[in-house]
Number of protein chains: 2
Amino acid sequence: MLSKKTKYALHALTYLGKHRDEGAVTIHDISEEHGISHKFLENILLELKKAAMLGSKKGKGGGYYLIKEPSEIPLSKVIRLLDGPIALLPCVSLNYYEPCAECKDEASCGINKVMIQVRDETLKILENKTLEDILKE
Amino acid sequence: MLSKKTKYALHALTYLGKHRDEGAVTIHDISEEHGISHKFLENILLELKKAAMLGSKKGKGGGYYLIKEPSEIPLSKVIRLLDGPIALLPCVSLNYYEPCAECKDEASCGINKVMIQVRDETLKILENKTLEDILKE
DNA sequence: ATAAACCCTATTTTTTTTATAGGGTTTGTA
DNA sequence: TACAAACCCTATAAAAAAAATAGGGTTTAT
């Protein structure tokens with residue numbers, strides 16, 4: 001399951017996508033709309049900004065706004081940023097690889113092989129679904 | 001990512017699959033082979049047994065053994081048993097449904113709709129990959 | 001009889017997630 | 001130019017979940 005961080009990020013991105021033509025949107029607006037703690041949401045929006053999905057404007061009248069087309073924000077990117085690996089095991093993660101302690105030899109491990117296949121097929125799904133798909137529903 | 005519980009379960013099932021023609025296999029053997037805590041593994045094997053994937057034989061010379069064909073043990077079943085939902089959000093889980101607090105109306109939520117699609121496509125993968133695929137690698 | 005092995009429940013420890021705290025900096029507007 | 005609204009940053013605390021441990025009980029082949 002996705003963490004609340006990722007779930008909130010998706011709600012925030014969706015909100016920003018819906019209000020794209022209204023200029024900057026405040027944290028306050030988003031947290032009110034979805035009943036998310038202001039401070040918690042703030043951390044999430046900062047992470048999204050660092051990852052170059054959002055821009056922001058300081059000062060009175062400021063807020064956050066999308067700086068990418070919704071079609072260029074795949075679920076895989078959001079999930080990796082807030083939740084970490086998409087792979088089911090560390091030993092098959094592309095971005096967060098770590099060997100598994102209980103596996104003596106990765107090359108001869110059937111679990112490893114199958115999980116690579118699962119990872120690749122899962123990635124296909126999550127790279128193809130974007131914020132645009134969420135917005136058009 | 002899968003919990004260690006699920007990962008250990010997969011290793012145990014694989015081990016049992018490989019030694020299917022040798023009768024019952026002890027917890028001890030499996031925990032030695034993979035360096036897994038005996039007691040922790042014991043709990044996992046008990047869960048697999050309650051879920052009718054394994055049989056066991058008590059007393060001296062006893063142990064655990066598969067009671068299903070490896071092709072009849074899909075990853076989805078193991079993951080659901082030890083880790084819980086496969087869906088990315090509680091509001092789209094088939095087996096562990098719960099409404100999402102920050103979503104006012106599920107019917108009009110684009111996130112919900114897209115996550116249903118992701119769930120269905122993910123399930124296809126995890127229902128088709130079975131212990132047999134792990135064993136034949 | 002006995003030792004080997006499964007069976008069961010509860011508790012503790014550790015890790016991760018979630019949330020909070022407390023300020024600092026920037027900037028539009030009156 | 002004061003001020004308030006809003007973003008920016010780091011650290012810490014609280015809560016929940018995962019991982020591991022503990023301590024016995026029951027069954028059964030030899």
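Reminder, nothing fancy here: chain letters follow the sequence lines and each chain counts from 1.
Residues A:Gly59 and A:Ser3 both approach DNA chain C. Their nearest nucleotides, taken by heavy-atom distance, put A:Ser3 toward the 5′ side. With the nearest nucleotide of DNA chain D identified for both A:Gly61 and A:Asn43, A:Gly61 has the one nearer the 5' end. In this structure, A:Thr6 and B:Gly63 both approach DNA chain C, and ranking their closest nucleotides by distance from the 5' end singles out B:Gly63.
Checking D:dT10, D:dA5, D:dA18 against the side-chain heavy atoms of A:Lys60 singles out D:dA5 as nearest. Of all nucleotides listed (C:dC7, C:dA19, D:dC8), C:dC7 comes nearest to the side chain of B:Tyr64. For B:Lys39, whose side chain is taken as the heavy atoms from C-beta onward, the closest listed nucleotide among D:dA22, C:dA21, C:dT18 is D:dA22.
For a distance-only test at 3.5 Å, the side chain of B:Glu42 qualifies as a donor-acceptor partner of the base of C:dC7. At a cut-off of 3.5 angstrom, the base of C:dG28 holds no donor-acceptor pair with the side chain of A:Lys58. Taking only distance into account, the side chain of A:Lys57 never meets the base of C:dG28 through a donor-acceptor pair shorter than 3.5 Å.
In this structure, A:Thr26 does not reach the D:dC7 phosphate: none of its side-chain N or O atoms is under 4.0 Å from OP1 or OP2. Here A:Ser37 reaches the OP1 or OP2 of C:dT20: one of its side-chain N or O atoms lies under 4.0 Å away.
Scanning all heavy atoms of the two residues, the minimum distance from A:Ala52 to A:Ile67 falls at O-CD1, 3.6 Å.
Here the P atom of nucleotide C:dT16 and the NZ atom of A:Lys5 are 13 Å apart, to the nearest Å. Taking atom CG of B:Leu54 as the reference point, atom P of C:dA5 lies 17 Å away to the nearest angstrom. Note: NZ (A:Lys50) to P (D:dC8) measures 10 Å, nearest angstrom. Distance, A:Glu47 CD to D:dC7 P: 16 Å, rounded to whole Å. As a whole-Å value, the separation of A:Glu98 CD from C:dT15 C1' is 14 Å. The separation between B:His38 atom NE2 and D:dG24 atom C1' is 13 Å, rounded to whole Å. Taking atom CD1 on B:Ile27 and atom P on C:dA3, their separation rounds to 20 Å, with Å as the unit. Atom OH of B:Tyr8 is separated from atom C1' of D:dA20 by 9 Å (rounded to the nearest Å).
With values rounded to the nearest 0.5 angstrom, B:Met115 atom CE is found 11.0 Å from A:Asp133 atom CG.
Using a 30° and 60° split on the angle between ring planes, A:His11 and A:His34 fall in the tilted class, from 30° to 60°. Below 30°, between 30° and 60°, or above 60°: for B:His28 and B:His38 the angle between ring planes is between 30° and 60°, a tilted geometry.
Salt-bridge formation is not detected for the pair A:Glu102/B:Lys4: no Lys NZ or Arg NE/NH1/NH2 atom is positioned less than 4.0 Å from an Asp or Glu carboxylate oxygen.
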